[in-house]
Amino acid sequence: PFPRSALVYLEQRLVPHGNSASTQIFASQLSGRLQGDRYPIDLANGNAVALYIAAELRRALALAQAQRFEEALSILPAIERDANERGYPYMRALIHSTRGYIHHRRNSYVDALAEYARAQPTYERFSDDESLASLYRSTTSIYRDVGQYDLSFREALRARRHLSGAADI
């Protein structure tokens with residue numbers, strides 16, 4: 001029920017240990033949960049593009065956490081193009097969320113809200129409560145930071161609605 005956590009587990013725990021039968025089964029189940037998105041299967045099969053997308057997205061996040069925002073943002077167009085060409089809808093949503101996070105960290109709130117809005121329909125389509133709760137937590141923070149307390153409260157209520165379905169790790 002938690003595609004983001006399952007994808008992280010696949011990327012960071014299973015794939016590095018090789019292409020085992022259990023990795024294939026896990027990837028297949030996750031792909032089914034994501035309505036046929038091939039990214040988990042391609043990743044488990046060692047597809048170079050899928051591995052590149054995963055590595056570059058992690059690199060962009062690391063750069064953002066080091067406050068190297070422009071560098072982090074410069075990575076995303078190439079992997080977004082690859083995700084579009086390969087038909088990886090869930091990865092496209094993750095890229096939009098990552099771009100939103102980077103804009104949020106650099107206080108570019110309008111850009112952050114726009115990117116979060118691009119990710120939201122995909123998370124809703126896949127019933128990804130964990131990612132929706134995170135997204136609404138972020139928009140709550142943005143609206144609070146700009147003094148829009150009514151909107152912040154509305155977003156907090158949305159986040160709360162999705163928390164019951166989110167994993168507590």
Side-chain angles (χ1 to χ4, degrees), residues 1-12 29-37 39-40 43 53-84 86-169:
F2 313 113
R4 180 65 185 137
S5 294
L7 189 58
V8 168
Y9 183 75
L10 178 67
E11 289 174 350
Q12 296 179 4
Q29 290 295 312
L30 181 55
S31 177
R33 171 71 174 80
L34 296 174
Q35 301 172 9
D37 187 328
Y39 177 74
L43 191 66
I53 290 170
E56 288 297 278
L57 189 59
R58 282 193 306 274
R59 187 165 76 95
L61 280 169
L63 288 167
Q65 289 167 348
Q67 297 186 359
R68 294 166 57 187
F69 303 124
E70 296 308 317
E71 231 178 308
L73 286 170
S74 72
I75 291 169
L76 299 178
I79 62 173
E80 184 175 16
R81 192 170 34 258
D82 288 339
N84 282 329
R86 296 291 218 169
Y88 297 156
Y90 192 75
M91 181 51 68
R92 286 193 310 262
L94 292 176
I95 292 167
H96 285 301
S97 287
T98 300
R99 190 178 287 120
Y101 167 76
I102 295 166
H103 284 307
H104 187 174
R105 292 277 319 264
R106 64 195 286 253
N107 300 326
S108 296
Y109 297 132
V110 172
D111 293 331
L113 289 170
E115 291 298 330
Y116 290 140
R118 288 185 184 103
Q120 180 183 347
T122 302
Y123 293 149
E124 288 174 349
R125 187 172 104 213
F126 295 134
S127 300
D128 184 356
D129 286 332
E130 182 180 27
S131 294
L132 284 166
S134 177
L135 184 145
Y136 289 129
R137 178 205 42 81
S138 296
T139 56
T140 296
S141 171
I142 290 171
Y143 286 126
R144 184 192 63 235
D145 289 350
V146 298
Q148 295 294 319
Y149 301 113
D150 289 344
L151 293 174
S152 179
F153 184 71
R154 181 194 71 192
E155 296 298 286
L157 289 176
R158 286 182 177 175
R160 177 65 185 104
R161 219 174 304 141
H162 293 282
L163 283 176
S164 63
D168 184 16
I169 300 173

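It should be emphasised that the depicted structure is a prediction, and the values quoted were computed from it without experimental measurement.
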Fill in the blank from the handout: Between the OH atom in Tyr143 and the CG atom in Leu113, the distance rounded to the nearest 0.5 Å is 4.5 Å
Practice task
Taking the side chain as every heavy atom from C-beta outward, state whether Ser97 and Tyr123 have any pair of such atoms under 4.5 Å apart.
Solution key: yes
Exercise for the section: Taking all non-hydrogen atoms of both residues into account, name the closest pair between Gly87 and Asp37 and its distance. Expected result: O-OD1, 4.1 Å
Handout entry: Validation row: Arg58, Gln12 side chains within 4.5 angstrom (heavy atoms)
Key = yes
Handout entry: Where Gln65 and Arg105 come nearest, the two heavy atoms and their spacing
Key = CA-NH1, 3.5 Å
Problem - From Met91 atom CE to Asp82 atom CG, the distance as rounded to the nearest 0.5 Å - result: 11.0 Å
Exercise for the section: Might you work through the side chain to side chain donor-acceptor pair (under 3.5 Å) test for Asn107 and Tyr109, ending with a clear yes or no? Expected result: CA-CA 5 Å; Asn107 300 326; Tyr109 297 132; 3.1 Å; yes
Practice task
Run the salt-bridge test on Glu155 and Arg144 with the 4.0 Å N-O cut-off and return the result as yes or no.
Solution key: no
Completion exercise
Here the pair of heavy atoms bringing Ala156 nearest to Thr140 is N-OG1, 3.0 Å
Practice task
Using a 4.5 Å cut-off on heavy atoms from C-beta on, say whether the side chain of Arg4 contacts that of Leu94.
Solution key: yes
Fill in the blank from the handout: Tightest non-hydrogen contact, residues Ala6 and Leu30, listed as CB-CD1, 3.9 Å
Handout entry: Arg33 versus Pro3, closest heavy-atom pair with distance
Key = NH2-CD, 3.8 Å
Completion exercise
When rounded to the nearest 0.5 Å, the distance separating OG1 of Thr139 from CG of Leu151 is 9.5 Å
Handout entry: Nearest-0.5 Å distance, CD of residue Glu56 to CG of residue Leu63
Key = 9.0 Å
Handout entry: Reference residue Glu80; test salt bridge (Lys or Arg N to Asp or Glu O under 4.0 Å); the match among Arg99, Arg118, Arg92
Key = Arg99
Exercise for the section: Would you check if the side chain of Ser138 reaches a backbone N or O of Ser134 as a donor-acceptor pair within less than 3.5 Å? Expected result: yes
Problem - Audit row: Ile142, Tyr116, side-chain contact (heavy atoms from CB on, under 4.5 Å) steps and yes/no - result: CA-CA 11 Å; Ile142 290 171; Tyr116 290 140; 3.9 Å; yes
Practice task
State the CG-OH distance between Leu7 and Tyr39, to the nearest 0.5 angstrom.
Solution key: 5.5 Å
Exercise for the section: Would you check if there is a donor-acceptor pair between the side chains of Tyr136 and Gln120 at a distance under 3.5 Å? Expected result: yes
Problem - Short side-chain to backbone donor-acceptor contact, Ser152 and Tyr149, under 3.5 Å - result: no
Handout entry: Test log, rule side-chain contact (heavy atoms from CB on, under 4.5 Å), inputs Glu70 and Arg106
Key = CA-CA 9 Å; Glu70 296 308 317; Arg106 64 195 286 253; 2.6 Å; yes
Handout entry: Shortest non-hydrogen separation from Pro89 to Thr122 and the atoms involved
Key = O-CG2, 3.7 Å
Exercise for the section: Quick one: pull up CG in Leu57 and CG in Leu76 and give me the separation to the nearest 0.5 Å. Expected result: 7.0 Å
Problem - Working for side-chain contact (heavy atoms from CB on, under 4.5 Å), residues His103 and Leu73 - result: CA-CA 9 Å; His103 284 307; Leu73 286 170; 3.8 Å; yes
